[in-house]
Amino acid sequence: MSKTPQQNTATDANGVSVIHTQAHTSGLQQVPQLVPVSPGGGGKAVPPSKQGKKNSFVDRNSDEYRQRRERNNMAVKKSRLKSKQKAQDTLQRVTQLKEENERLEAKIKLLTKELSVLKDLFLEHAHSLADNVQPVGTETTTTTPENNAQ
């Protein structure tokens, strides 16, 4: 039971045919299609939103104008708030990262000191072991009571 959409064709000052379609049963708004008049496509097609902007007079006292201005003002306000919030979030994140960086640098210093202390202890222990161990070629004879008895 769907009806076929009606089409109206009009030509604007730029030589572009604009096809307007109306759908009776769908309830959806149809977007006009731009079709060049000549097959060569000599000029650029102008979207419908830009066609009437130059010559149309805007009545600043009309309800439509006031509604559009109010919607635009709300959109601008929302955009600015969103931008401001994003800047605040970025600043907060920078602060957090700086604090974390300082904590990590302090931890690095602490671990470096600890490594240095442990390295010194290890080297001290290694030197004391080396002093107690005699070279392989030199053996000292020790006398034990068992050897003296014979």
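Note that this is a predicted model, so its numbers are computed, not measured.
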Could you go through residues 75-98 and list every donor-acceptor pair under 3.5 Å that involves a side-chain atom there, pairing it with any protein atom two or more places apart or in another chain?
{"residue": "Gln85", "atom": "NE2", "partner": "Asp89", "partner atom": "OD1", "Å": "2.9"}
{"residue": "Thr90", "atom": "OG1", "partner": "Lys86", "partner atom": "O", "Å": "2.9"}
{"residue": "Thr95", "atom": "OG1", "partner": "Leu91", "partner atom": "O", "Å": "3.0"}

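- Contacts of Asn73 classified as side chain to side chain donor-acceptor pair (under 3.5 Å), with partners at least two apart in sequence or in another chain: Arg69.
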Under 3.5 Å, side-chain donor or acceptor atoms of residues 100-126 against the rest of the protein: list the pairs with distances, not counting sequence neighbours.
{"residue": "Thr112", "atom": "OG1", "partner": "Ile108", "partner atom": "O", "Å": "2.6"}

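- Evaluation of the salt bridge (charged side-chain N to carboxylate O under 4.0 Å, His left out) rule for Glu99 yields no partner, not counting sequence neighbours.
- Within 6.0 Å of CG in Asp63 there are 12 or fewer heavy atoms belonging to other residues, nucleotides or ligands.
- Using a 4.5 Å heavy-atom cutoff, the side chains of Arg66 and Asn61 are in contact.
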